[in-house]
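Heavy-atom basis, side chains included; hydrogens, waters and symmetry copies ignored. Whatever order the structure lists ligands and atoms in, that order sets their numbers, starting from 1.
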Amino acid sequence: MAIAEALSTLKQALPKSVELVAVSKTKPLADLQEAYAAGQRHFGENKIQEMTQKWEALPKDIFWHMIGHVQTNKVKYMAPYVHLVHGIDRLKLLKEVNKQAHKNNRSIDCLLQMHIAQEDTKFGLDATELEEIIELYKAGHFPHIRLRGLMGMATFTSDEAQIRSEFAVLKNHFDTYKNEIEAFDTLSMGMSGDYPLAIEMGSTLIRVGSKIFGARNY
Ligand SMILES: *Cc1c(COP(=O)(O)O)cnc(C)c1O
């Protein structure tokens with residue numbers, strides 16, 4: 001019951017305009033099933049192999065979000081079913097997703113991941129790289145991709161002013177492109193530790209794991 005309760009508490013405080021992705025990485029199927037029974041349909045994973053095993057085992061009306069760093073050679077495994085790829089952090093990856101989407105006769109929704117944190121361990125594009133990819137997209141280079149927006153992770157810190165300013169940078173870039181690109185409507189920012197701030201700063205999708213499923217044992 002703990003999972004269902006956590007979900008309902010979270011959802012009560014969430015504006016209608018904000019989508020909740022339940023981040024279930026490392027968690028067993030039983031935990032996802034409990035969340036599913038409580039009505040949760042959007043799940044986030046950060047490893048393609050694990051996500052594919054869960055996709056095979058669970059009901060087919062689940063929307064699967066790939067939120068992790070994606071290796072190009074593994075895109076093919078998720079291409080048939082993935083709902084949204086959050087971590088597009090290089091041109092080569094976008095090309096591969098486009099190619100695999102084509103092979104599967106579909107288009108795949110993607111977010112471009114920006115590097116907004118101070119830690120240099122977090123992946124992502126800088127403003128110049130972002131613009132380059134968006135120009136190529138607008139020029140029609142990725143016919144099997146639908147760019148839906150941006151994703152980013154703030155620095156892991158208790159300094160709220162810093163987190164706010166990093167989210168503000170992402171929101172700014174999002175607003176720049178929102179009116180230029182059709183269907184560019186998703187700003188994926190906010191996790192268990194910082195989602196209230198992210199929502200304040202304009203997030204439309206939060207990725208929450210430990211707050212729903214409890215701490216992870218790696
Ligand atoms: C693990 C993860 C989350 C969820 O983290 P919590 O702190 O458990 O909510 C969100 N986004 C990404 C990209 C992650 O890898």
Side-chain angles (χ1 to χ4, degrees), residues 2-11 13-14 18-28 31-32 34-35 38 40-54 62-71 74-75 78 82-90 93 97 109-125 130 148-160 162-163 166-167 169-171 173-174 186-218:
I3 291 171
E5 270 170 33
L7 269 172
S8 107
T9 309
L10 240 171
K11 279 196 178 149
L14 225 56
V18 177
E19 184 79 61
L20 171 63
V21 172
V23 175
S24 48
K25 62 192 187 194
T26 79
K27 296 295 175 182
D31 285 9
L32 284 80
E34 187 177 337
Q40 183 63 29
R41 291 296 179 270
H42 290 259
F43 290 87
E45 293 282 334
N46 71 341
K47 293 206 167 66
I48 290 175
Q49 192 179 359
E50 183 179 342
M51 182 168 80
T52 301
Q53 283 167 358
K54 287 172 172 170
I62 289 177
F63 299 100
W64 292 100
H65 294 247
M66 173 40 61
I67 64 169
H69 182 69
V70 174
Q71 284 172 263
K74 294 195 176 146
V75 170
M78 67 172 173
V82 71
H83 173 65
L84 181 63
V85 183
H86 292 232
I88 302 291
D89 58 1
R90 57 203 190 279
L93 178 58
V97 176
D109 284 5
C110 292
L111 304 178
L112 299 175
Q113 181 174 359
M114 282 204 82
H115 179 84
I116 54 169
Q118 261 169 16
E119 298 123 339
D120 43 66
T121 49
K122 284 174 186 164
F123 297 100
L125 305 159
L130 178 71
R148 297 299 302 271
L150 302 179
M151 179 268 213
M153 277 190 276
T155 303
F156 188 71
T157 172
S158 56
D159 182 347
E160 291 200 354
Q162 184 178 345
I163 297 173
E166 291 173 2
F167 284 154
V169 168
L170 194 58
K171 166 77 164 133
H173 287 292
F174 178 67
T186 304
L187 182 54
S188 168
M189 63 183 196
M191 328 186 359
S192 290
D194 58 17
Y195 73 86
L197 287 179
I199 292 169
E200 249 179 67
M201 301 307 294
S203 170
T204 72
L205 182 161
I206 58 174
R207 312 173 308 269
V208 178
S210 42
K211 191 115 191 178
I212 298 169
F213 296 107
R216 287 177 292 274
N217 303 309
Y218 286 99

Task: Rounded distance [0.5 Å steps], CD in Glu19 versus OG1 in Thr204 - done: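 Result: 8.5 Å between the selected atoms.
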Open item on the list: Take a 6.0 Å sphere around CD of Gln49 and say whether it holds more than 12 heavy atoms from other residues, nucleotides or ligands.
Closed with: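 No, the 6.0 Å shell around CD holds no more than 12 heavy atoms from other groups.
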Task: Neighbour count above 12 (heavy atom, 6.0 Å) for Lys47 NZ - done: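 Open: at most 12 neighbouring heavy atoms sit under 6.0 Å from NZ of Lys47.
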- [ ] May I ask you to decide if the ring planes of His42 and Phe63 are parallel, tilted or perpendicular, using 30° and 60° as cut-offs?
- [x]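 Geometry flag for Phe63 against His42: parallel rings.
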Task: Any side-chain heavy-atom pair of Leu14 and Ile206 under 4.5 Å - done: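 The answer is yes, as the side chains (C-beta and beyond) meet within the 4.5 Å cut-off.
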Open item on the list: With heavy-atom distances below 4.5 Å as the criterion, would you say the side chains of Leu7 and Glu34 are in contact?
Closed with: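 With C-beta onward as the side chain, the pair stays apart.
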Number the atoms of ligand 1 from 1 as they appear, then name those within less than 4.0 Å of a heavy atom of [X], with their elements.
| X | result |
| --- | --- |
| Arg216 | 1 (C), 5 (O), 6 (P), 8 (O) |
| Met153 | 13 (C) |
| Arg207 | 4 (C), 9 (O), 10 (C), 11 (N), 12 (C), 13 (C) |
| Gly209 | 4 (C), 6 (P), 8 (O), 9 (O) |
| Val208 | 9 (O) |

Proximity of [X] to ligand 1 by residue part, where a heavy atom lies under 4.0 Å:
| X | value |
| --- | --- |
| Lys211 | neither |
| Lys25 | side chain |
| Met151 | side chain |

Open item on the list: Is there a polar contact, in the sense of an N or O pair closer than 3.5 Å, between Ser192 and ligand 1?
Closed with: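 N/O-N/O distance below 3.5 Å exists for this pair.
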Open item on the list: So for His86, does at least one of its heavy atoms come nearer than 4.0 angstrom to any atom of ligand 1?
Closed with: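 His86 does not count as a contact of ligand 1 under the 4.0 Å cut-off.
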- [ ] Starting from atom 5 (O) of ligand 1, find the nearest protein heavy-atom neighbour and note its residue, name and distance.
- [x]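 Here the closest protein heavy atom is Met191 CE, 3.5 Å.
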Open item on the list: Give me the residue, atom name and distance of the protein heavy atom closest to atom 13 (C) of ligand 1.
Closed with: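 Of every protein heavy atom, Ile67 O, 3.5 Å lies nearest to atom 13 (C) of ligand 1.
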TODO: Can you spot which of Met66, Arg148, His65 makes a side chain to side chain contact (heavy atoms under 4.5 Å, CB included) with Leu111?
DONE: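 The option that passes is Arg148.
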TODO: Would you please say whether a donor-acceptor pair under 3.5 Å links the side chains of Ser24 and Glu45?
DONE: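 There is such a pair (donor and acceptor under 3.5 Å, judged by atom type) between the side chains of Ser24 and Glu45.
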